[in-house]
Amino acid sequence: MKLQLALGAAALALMLPGQALADCDITDALLKQAYPDAQQGDNGLLVKGGAYDRAINPGDVVCKAWPYRPELMLAAVPLIEAEPPIEGENKGDVEIIIADVATGKPVARRLEKGMAFSDAIRFGSMSLDTARYDVGDGLRAFGLRTSQSGSSRLNPYGEQALWMYIFDKGRIERVLDGLIVERSNGENNGECEGESTTLTRTVKLGPKAGAGYRDLAVEQSLTRETWKTVAGECRADKRPGKPAGFKLVYDNGHYRPVGGVKPRSEDGDIEKDLFSLIETGKQP
């Protein structure tokens, strides 16, 4: 039981709600102008049309004032399949909106198709990150942090990913594709025996490189925890893993590992799990 609680808490920590309506007094005005044909339902708004009808729960909308551009507000709106035909599976998108802070009128928007998809891995909370990501001269990115978690009690999984966007020439462009910044996963027998790994990454700006963009310096730490029954008691052993560091460079519109170089951890190649499990559709 102690093992289950510990693993559950680790996954839950990645799902805690981010900045939401407390920073967004213009939510109603924003939604009315962004989705003028939406119908009011019992649990929010219903947007009809497209491949499937989508529901918006205003309580799930996150928004935040943008200190870099005080006249603008950043928002992320989950659009979830209203009536999923397959039990346990929900299609869903997230729309990134930049709006006038005074009126809530959208000035730019970007639809991330499939970002809010849920099956055995459930899409969770979001938060907006307005740290000083000055990726280029006169160009500051903002971040969206997404969380998701697995439904398995014996193989728990939790993940938080960082997506970065720039607002340039009236368009919102994604430049970082969901770098995993926190992850907790493991397996157990439902009683005591088991193990888990917790990964944490921090992102800092590096020197300016090609295309006028700064590199992103990523530092990674790992912690491994095992549980065993000893003398009738469930005991934990926590050990830090070997730190790792690597950089992401801007190439052809996105930040990626340096060409031909694979960041490594003590267990080998970590490039395969560098980015989120979330898959987003291509932009037109």
Side-chain angles (χ1 to χ4, degrees), residues 12 15-66 69-130 142-149 151 160-161 163 165 167 170-172 174 278-284:
L12 180 62
M15 301 298 294
L16 293 176
Q19 190 70 39
L21 298 180
D23 248 8
C24 193
D25 296 331
I26 62 169
T27 303
D28 289 342
L30 169 67
L31 294 179
K32 287 178 181 178
Q33 294 180 81
Y35 310 99
D37 297 327
Q39 302 175 8
Q40 183 66 48
D42 294 336
N43 299 311
L45 300 177
L46 182 65
V47 180
K48 289 183 170 292
Y52 52 87
D53 294 344
R54 298 170 296 171
I56 300 174
N57 182 345
D60 293 334
V61 175
V62 294
C63 49
K64 193 173 187 179
W66 196 8
R69 297 282 301 273
E71 76 279 12
L72 299 176
M73 176 78 75
L74 306 174
V77 182
L79 298 120
I80 308 301
E81 186 176 23
E83 298 181 358
I86 302 175
E87 185 177 355
E89 180 178 301
N90 262 80
K91 297 183 178 68
D93 309 323
V94 173
E95 187 153 30
I96 312 298
I97 298 177
I98 297 178
D100 182 281
V101 73
T103 65
K105 181 179 179 180
V107 298
R109 52 204 300 175
R110 176 190 176 94
L111 184 66
E112 295 289 27
K113 297 180 180 179
M115 180 177 276
F117 178 83
S118 292
D119 51 11
I121 303 294
R122 308 293 296 175
F123 183 80
S125 66
M126 302 182 297
S127 63
L128 287 157
D129 184 349
T130 56
F142 63 90
L144 176 69
R145 293 176 181 260
T146 59
S147 297
Q148 53 181 358
S149 66
S151 57
Q160 184 184 102
W163 312 73
Y165 300 86
F167 178 45
R171 290 175 57 90
I172 303 171
R174 188 176 73 231
I278 294 174
E279 296 182 1
T280 57
K282 294 182 179 180
Q283 296 292 309

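Predicted model, so just to flag it, every value in this text is computed and none were measured.
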[X]: side chain to side chain contact (heavy atoms under 4.5 Å, CB included) partners, not counting sequence neighbours:
{"X": "Ala55", "value": "Ala82"}
{"X": "Ala116", "value": "Ile80, Val94, Phe123"}
{"X": "Lys105", "value": "Gln33, Thr103"}

- Item | Any donor-acceptor pair under 3.5 Å from Asn90 side chain to Glu81 backbone | yes
- Query: Out of Arg110, Lys113, Arg109, Arg54, which one pairs with Asp93 under the salt bridge (charged side-chain N to carboxylate O under 4.0 Å, His left out) rule?
  - Reply: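 The residue from Arg110, Lys113, Arg109, Arg54 that satisfies salt bridge (charged side-chain N to carboxylate O under 4.0 Å, His left out) with Asp93 turns out to be Arg54.
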- Gln39/Leu45 under side chain to side chain contact (heavy atoms under 4.5 Å, CB included): CA gap, chis, key distance, verdict: CA-CA 5 Å; Gln39 302 175 8; Leu45 300 177; over 6 Å; no
Using side chain to side chain donor-acceptor pair (under 3.5 Å) as the criterion, list what pairs up with [X], not counting sequence neighbours.
{"X": "Ser151", "value": "none"}
{"X": "Lys48", "value": "Asp53"}
{"X": "Asp129", "value": "Tyr133, Arg145"}

- Rounded to the nearest 0.5 Å, how far apart are CG of Leu79 and OH of Tyr35? 4.5 Å
- Mind telling me whether Phe142 and Tyr165 have parallel, tilted or perpendicular rings, with 30° and 60° as the class edges?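 Because their plane-to-plane angle is under 30°, the rings of Tyr165 and Phe142 count as parallel.
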- Query: With a cut-off of 6.0 Å (strictly less than), are more than 12 heavy atoms of other residues, nucleotides or ligands near CD of Glu83?
  - Reply: no
- Note on the structure: Heavy-atom nearest pair, Leu144 first then Ile96, reads CD2-CD1, 3.7 Å
